[in-house]
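Everything below concerns the one structure shown next.
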Amino acid sequence: MVVSTRSAASPSVPRHVAIIMDGNNRWAKRQGLKSSAGHRAGVEVIRPLLKLTRERGVEIVTLFAFSSENWRRPTLEVQALMRLFSSYLDSETKQLHADGVRMRFIGERSQFSAALRKQMDYSEQLTRFNRDTQLVIAVDYGGQWDIVNAAKSLAEQVQAGELTPADFSVELFDKQMSLADVPKPDLCIRTAGEQRISNFLLWQLAYSELYFTDCFWPDFDAAELDRALHAYAHRDRRFGARDNENDAAGTE
């Protein structure tokens, strides 16, 4: 069992890292390969990444694997992604369980096949008591979907007479969101040069540090991770508060 190196004395280490894994298709094109080869290469990064983050004291890793908008991609590419997702769960779940990793999925599952939903349920059930690391995989996920889902839940509670609009608060809304039971991401990394969050964890990333790299996801390695963690360690996180010594008036 790998013991987390994080401690209360190491706030420079993010507890929760979210990653937008971008650039698989462009990586494959540069290599003269089909897009499916890029996606397979991207999957191969995940296990060593979890080992690296665990060694550095990160407790939770959330990966943006398939967005709500990704269904709009060409049918053959979507089918290949679904096969790859199924293959990943089939080949990796037991190993991740042995490594003490808890697997979780967030997103709308109804469009996935019954067989794939069964695999997801099995992965979650098998690993539910693991505490070394949490791997959260966002599939058919969108930040807007997440917020609307939370609003629907609250509206149903109002309709049932369990709440009134006067009861609404940020804290109450927060409890309806995906990942309400874990700390929000401290750091969000996006690969492949794009500098946007693309509907990923819109609510949860409100005060996360954002880090963008030109590196394509299949090339993301220990050096790239350490650059991101180094950048994070040198950020001044005030969560809207003011540094009286150095700041003039402002929102941050």
Side-chain angles (χ1 to χ4, degrees), residues 5-6 10-70 73 77 81 84-85 88 101 106 133-139 141-143 179 183-239 252:
T5 58
R6 181 184 173 83
S10 59
S12 61
V13 178
R15 186 176 182 187
H16 183 174
V17 174
I19 304 177
I20 302 173
M21 306 178 293
D22 197 10
N24 291 341
N25 283 327
R26 281 172 282 170
W27 180 89
K29 186 175 181 180
R30 284 194 178 182
Q31 306 292 325
L33 302 170
K34 294 181 179 179
S35 63
S36 57
H39 293 307
R40 285 195 299 272
V43 165
E44 293 300 317
V45 174
I46 297 174
R47 191 197 292 180
L49 170 76
L50 291 175
K51 182 175 183 294
L52 290 167
T53 53
R54 186 165 60 242
E55 289 172 350
R56 284 151 179 75
V58 177
E59 298 174 8
I60 306 161
V61 176
T62 297
L63 302 178
F64 201 10
F66 190 84
S67 76
S68 306
E69 294 74 29
N70 285 158
R73 292 188 177 189
E77 183 177 355
L81 285 169
L84 184 60
F85 184 31
Y88 173 78
V101 177
I106 57 172
T133 306
Q134 285 198 52
L135 170 62
V136 181
I137 302 178
V139 285
Y141 176 86
L179 299 181
K184 292 177 176 59
D186 302 292
L187 171 66
C188 179
I189 300 170
R190 180 167 187 157
T191 58
E194 304 295 348
Q195 297 190 18
R196 55 180 178 269
I197 59 175
S198 297
N199 199 22
F200 181 45
L201 298 176
L202 297 180
W203 178 272
Q204 297 87 342
L205 293 180
Y207 277 100
S208 302
E209 297 298 321
L210 306 180
Y211 177 85
F212 303 104
T213 173
D214 291 333
C215 170
F216 292 146
W217 176 246
D219 291 328
F220 196 84
D221 57 12
E224 287 291 339
L225 175 64
D226 286 339
R227 276 191 280 271
L229 296 180
H230 178 78
Y232 172 85
H234 288 80
R235 303 280 178 93
D236 183 11
R237 306 191 74 206
R238 300 192 298 277
F239 301 95
E252 284 291 338

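All figures in this text were calculated on a predicted structure; none of them were measured in a lab.
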Over all heavy atoms of both residues, which pair between Trp27 and Gly38 is shortest? Give the atoms and the distance, please. CE3-CA, 3.8 Å
Indicate the atoms forming the closest heavy-atom contact of Arg73 with Asn25, along with that distance. NH1-ND2, 3.9 Å
Interatomic spacing from CZ in Arg54 to NZ in Lys51 - rounded to 0.5 Å: 7.5 Å
Classify the angle between the aromatic ring planes of Phe220 and Trp217 as parallel (below 30°), tilted (30 to 60°) or perpendicular (above 60°). parallel
Salt bridge or not between Arg40 and Glu44? Use side-chain N to carboxylate O under 4.0 Å. no
With a 4.5 Å cut-off on side-chain heavy atoms, are Asp221 and Glu224 touching? yes
Counting C-beta onward and ignoring hydrogens, is there a side-chain heavy-atom pair between Leu49 and Ile19 closer than 4.5 Å? yes
What are the two closest non-hydrogen atoms of Asp22 and Thr191, and how far apart are they? O-OG1, 2.7 Å
State, with a plain yes or no, whether a side-chain heavy atom of Tyr211 is found less than 4.5 Å away from one of Ile189. yes
By side-chain hydrogen bond (donor to acceptor under 3.5 Å, both in side chains) - contacts of Asp214 (at least two apart): none
Just to verify, what does Asn70 make a side-chain hydrogen bond (donor to acceptor under 3.5 Å, both in side chains) with, not counting sequence neighbours? Ser67
From Ile20 atom CD1 to Leu205 atom CG, the distance as rounded to the nearest 0.5 Å: 7.0 Å
Does Arg30, at its CZ atom, have more than 12 non-hydrogen atoms belonging to other residues, nucleotides or ligands within less than 6.0 Å? no
Could you tell me whether the side chain of Ile60 reaches within less than 4.5 Å of the side chain of Leu179, counting heavy atoms only? no
For Pro183, does its backbone N or O pair with a side-chain atom of Arg15 as donor and acceptor, under 3.5 Å? no
Minimum heavy-atom separation for Pro185 to Leu201, with atom names? CG-CD1, 4.0 Å
Please report the interatomic distance OG(Ser12) to CG(Asp186), rounded to the nearest 0.5 Å. 11.0 Å
Between Val13 and Arg56, the two heavy atoms sitting closest are CG1-O, 3.2 Å
Side-chain contact test, heavy atoms from C-beta onward, threshold under 4.5 Å: evaluate it for Ile137 versus Phe66 and give yes or no. no
Answer whether the closest heavy-atom distance between the side chains of Ser198 and Arg190 falls below 4.5 Å. yes
Any idea how Tyr141 and Phe200 line up, ring-wise: parallel (<30°), tilted (30 to 60°), or perpendicular (>60°)? perpendicular
Donor-acceptor pair, distance only, cut-off 3.5 Å: does the side chain of Ser208 make one with the backbone of Cys188? no
pair Thr133-Leu135: side-chain heavy atoms closer than 4.5 Å: no
Under a 3.5 Å threshold, yes or no: a donor from one side chain and an acceptor from the other, between His39 and Glu77? yes
Got a donor-acceptor contact below 3.5 angstrom from the Thr53 side chain to the Val58 backbone? no
Check: Arg235 side chain, Leu210 main-chain N or O, donor-acceptor pair, under 3.5 Å: yes
Of all heavy-atom pairs between Pro218 and Ala41, which one has the smallest distance, and what is that distance? CB-CB, 3.9 Å
With side chains defined as the heavy atoms from C-beta onward, is the minimum distance between Tyr88 and Ile46 less than 4.5 Å? yes
